[in-house]
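What you see is a predicted model; the values in this text were computed from it and never measured.
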Number of protein chains: 2
Amino acid sequence: MTPLPDDLRLDRRRKAIIAAARELFVEQGYERATLADIVTRAGGSLATVYKLFGNKDQLLEAVVFESAASGEALIREAAAAGLAPVPTLHRIAKGLHEHFLDPDVIALVRIVIARSISDPQFARQFFERTANPTREALEDVFARWQANGVAMDGTPGFLAEMFMGLFVSDLQTQAISHGVGISPLPDRLQERTNFFIAAAGINRLAESPA
Amino acid sequence: MTPLPDDLRLDRRRKAIIAAARELFVEQGYERATLADIVTRAGGSLATVYKLFGNKDQLLEAVVFESAASGEALIREAAAAGLAPVPTLHRIAKGLHEHFLDPDVIALVRIVIARSISDPQFARQFFERTANPTREALEDVFARWQANGVAMDGTPGFLAEMFMGLFVSDLQTQAISHGVGISPLPDRLQERTNFFIAAAGINRLAESPA
DNA sequence: ACAATGGTGTAATGATCATTACACCTTCGC
DNA sequence: GCGAAGGTGTAATGATCATTACACCATTGT
């Protein structure tokens, strides 16, 4: 029963609904966005939404968790490029900035925080899928550097936390408070990276670790 | 007209309503909290709420802006104590941590961010009354230190921004994502302060500036 | 005591949805 | 072509509020 073509059709419906739902949640917030509007934008029928997702709450969960991405890949790629620590850090900083300050990501964070008032678990799960893997990837990079003789003041865990604070938490907070798109600070980013490098006591001339 | 006693009565009503409204907004968020519940908790009548505040939106504004506080006083007091830079920074870090990680403050930030989805101005105004004065007070302190011969790498503005990032934005983000009350990290705070001191290149033996 | 000013309680009023029900239409295997 | 499985459109259904209206009570200055 339910041969493959049906699944494909359903899957197409599912993607269209999630895309429309994300747009409307982002524009108006969860409470104000209506299922009727979502269906209008996605095409199809309200009944299909209920068949696929059960109810509005579960639709939000699907939207958020299918959209949640971490900076893990980006960090591992930057570290694998074989550059010295200082330019690697600059590259990671730029990548994290581009990823976590993307207007869509900021919008998602807003929605998750709004929902965290009535559902604390929700926010925790979201950050566990986004911030945690990012921090762990950083930790790995720092640990490998230290193992290869690069001097750094502090444990990899602590330094990863500081890096996330400076390049994710703080910049996201600024984006939320001052409006998205007001922060494409190119040299400001380098200034921050240098701040981190100084605090971590990294030798600016350290070469690419084996 | 409207002699003093009337004003006092009104003022008492006003305070009671704002307190009840803050509690319910904090517990359930703006959209889910109902005016009926707020009136039940505050005592008095729904009509009074409309007389005093006009509508639900303006009640929220009153709640948020009467509750918004900055860390300005705390910073100026710490700086005026005449201690050397390093212990002063530790004291400020502790003070900012206590103030901005208070569960009530976190709850307020959540509400403001939730509302910022549909009303970006609202968030901006809130942060202008809380984060900005705090950052400016820090800036003043750093500028005074530099003027008095304390060596610090970076402009007062930049260093104040980094300090806020490490002790406000990041810790608030953690509180929101991992739940309030999971972060009374006493020695972690010192570790962060030392990180800042190292990045700013402050001489750990610098004495109290004139 | 006496109005009057203003708060109180309660009950409309009206909108706005989430959610459900239902009859019609499409598509796909046969 | 046929029939079924599943999608579509549309229209209830029911709840939940914000907001308004109104008749009653309390307090205050005279």
Side-chain angles (χ1 to χ4, degrees), chain A residues 1-25 27-64 111 114-115 117-119 122, chain B residues 1-25 27-64 111 114-115 117-119 122:
Chain A
M1 321 304 151
T2 55
L4 207 63
D6 283 0
D7 284 357
L8 279 178
R9 271 173 69 209
L10 260 191
D11 200 52
R12 217 166 289 153
R13 287 292 63 222
R14 186 190 169 82
K15 282 198 170 67
I17 292 166
I18 284 195
R22 180 171 54 210
E23 286 175 23
L24 279 160
F25 288 155
E27 287 168 20
Q28 318 187 337
Y30 176 70
E31 317 268 0
R32 294 171 122 90
T34 74
L35 288 178
D37 283 352
I38 289 170
V39 167
T40 300
R41 190 169 299 193
S45 159
L46 192 47
T48 308
V49 173
Y50 278 89
K51 186 162 303 189
L52 286 174
F53 299 98
N55 59 33
K56 197 185 177 187
D57 273 21
Q58 288 175 267
L59 174 58
L60 174 67
E61 281 184 26
V63 167
V64 168
I111 292 170
R115 199 94 219 300
I117 296 172
S118 55
D119 183 0
F122 191 72
Chain B
M1 321 303 155
T2 56
L4 208 62
D6 283 359
D7 285 355
L8 279 178
R9 270 172 71 207
L10 261 192
D11 200 52
R12 216 167 288 153
R13 287 289 67 220
R14 187 189 167 82
K15 282 198 169 70
I17 292 167
I18 285 195
R22 180 170 55 208
E23 287 176 23
L24 279 160
F25 289 155
E27 287 167 22
Q28 320 188 335
Y30 176 70
E31 317 268 359
R32 294 172 122 90
T34 74
L35 288 178
D37 283 353
I38 289 170
V39 167
T40 300
R41 191 170 296 195
S45 160
L46 192 47
T48 308
V49 172
Y50 278 90
K51 186 161 304 187
L52 287 174
F53 299 98
N55 58 32
K56 197 186 177 186
D57 274 20
Q58 288 175 268
L59 174 57
L60 175 67
E61 281 184 25
V63 166
V64 168
I111 292 170
R115 192 111 182 73
I117 296 172
S118 56
D119 183 0
F122 191 72

- Message: Given D/dT19, D/dG7, C/dA18, identify the nucleotide with an atom nearest to the side chain of A/Y50.
- Response: C/dA18
- N or O in side chain of B/T34 less than 4.0 angstrom from D/dT16 OP1/OP2: no
- For B/S118, check side-chain hydrogen bond (donor to acceptor under 3.5 Å, both in side chains) against everything at least two apart and list the hits. B/R115
- Can you check whether B/K51 has a side-chain N or O nearer than 4.0 Å to OP1 or OP2 of C/dG6? no
- Message: On the nucleotide D/dT8, are OP1 or OP2 found under 4.0 Å from the side-chain N or O atoms that A/T48 carries?
- Response: yes
- Spacing between A/E31 atom CD and C/dA15 atom P, to the nearest angstrom: 22 Å
- Terminal axes of the helix from C/dA1-D/dT30 to C/dC30-D/dG1 (5 end pairs apiece), angle rounded to 10 degrees, sit apart by 20°
- Message: Tell me whether the side-chain N or O atoms of B/S45 pair up with the base of C/dG9 as donor and acceptor below 3.5 Å, since no angle test is needed here.
- Response: yes
- Name all residues meeting the side-chain hydrogen bond (donor to acceptor under 3.5 Å, both in side chains) criterion together with A/Q28; count only those two or more places apart in sequence or in a different chain, and write none if there are none. none
- Check the distance between C/dG7's P and B/I17's CD1 and give it to me in whole angstrom. 10 Å
- Query: By side-chain contact (heavy atoms from CB on, under 4.5 Å), which residues pair with B/Q58, not counting sequence neighbours?
  - Reply: B/N55
- Task: Measure the distance from CZ on A/R14 to C1' on D/dG6 and round it to the nearest whole Å.
- Result: 17 Å
- Report the nucleotide, chosen from C/dT20, C/dA18, D/dA18, that has the shortest atom-to-atom distance to any side-chain atom of A/L46. C/dT20
- Taken to the nearest whole Å, CZ/A/R12 to C1'/D/dG6 is 15 Å
- Output all residues satisfying side-chain hydrogen bond (donor to acceptor under 3.5 Å, both in side chains) with B/K51, sequence neighbours left out; order by chain, then residue number. none
- Item | Rounded distance (Å) that lies between atom P of D/dC17 and atom CG of B/L59 | 16 Å
- Note on the structure: Residues A/Y30 and A/K56: closest non-hydrogen pair is O-NZ, 2.9 Å
- Task: Return the nearest nucleotide to the side chain of B/L35; candidates are D/dG9, C/dT8, D/dA18.
- Result: D/dA18
- Note on the structure: Applied to residues 29-46 of chain A, the salt bridge (charged side-chain N to carboxylate O under 4.0 Å, His left out) test, sequence neighbours excluded, yields A/E23-A/R41, A/E27-A/R41, A/E31-B/R32, A/R32-B/E31
- Message: Distance check needed: D/dA18 P versus B/Q28 CD, whole Å only.
- Response: 11 Å
- Distance in Å, A/R14 CZ paired with A/L59 CG, rounded so as to fall on 0.5 Å steps: 9.0 Å
- For atom CG of B/L52 and atom C1' of D/dT19, their distance in whole Å: 16 Å
- Item | Distance in angstrom units between A/R32 CZ and D/dA18 P, rounded | 11 Å
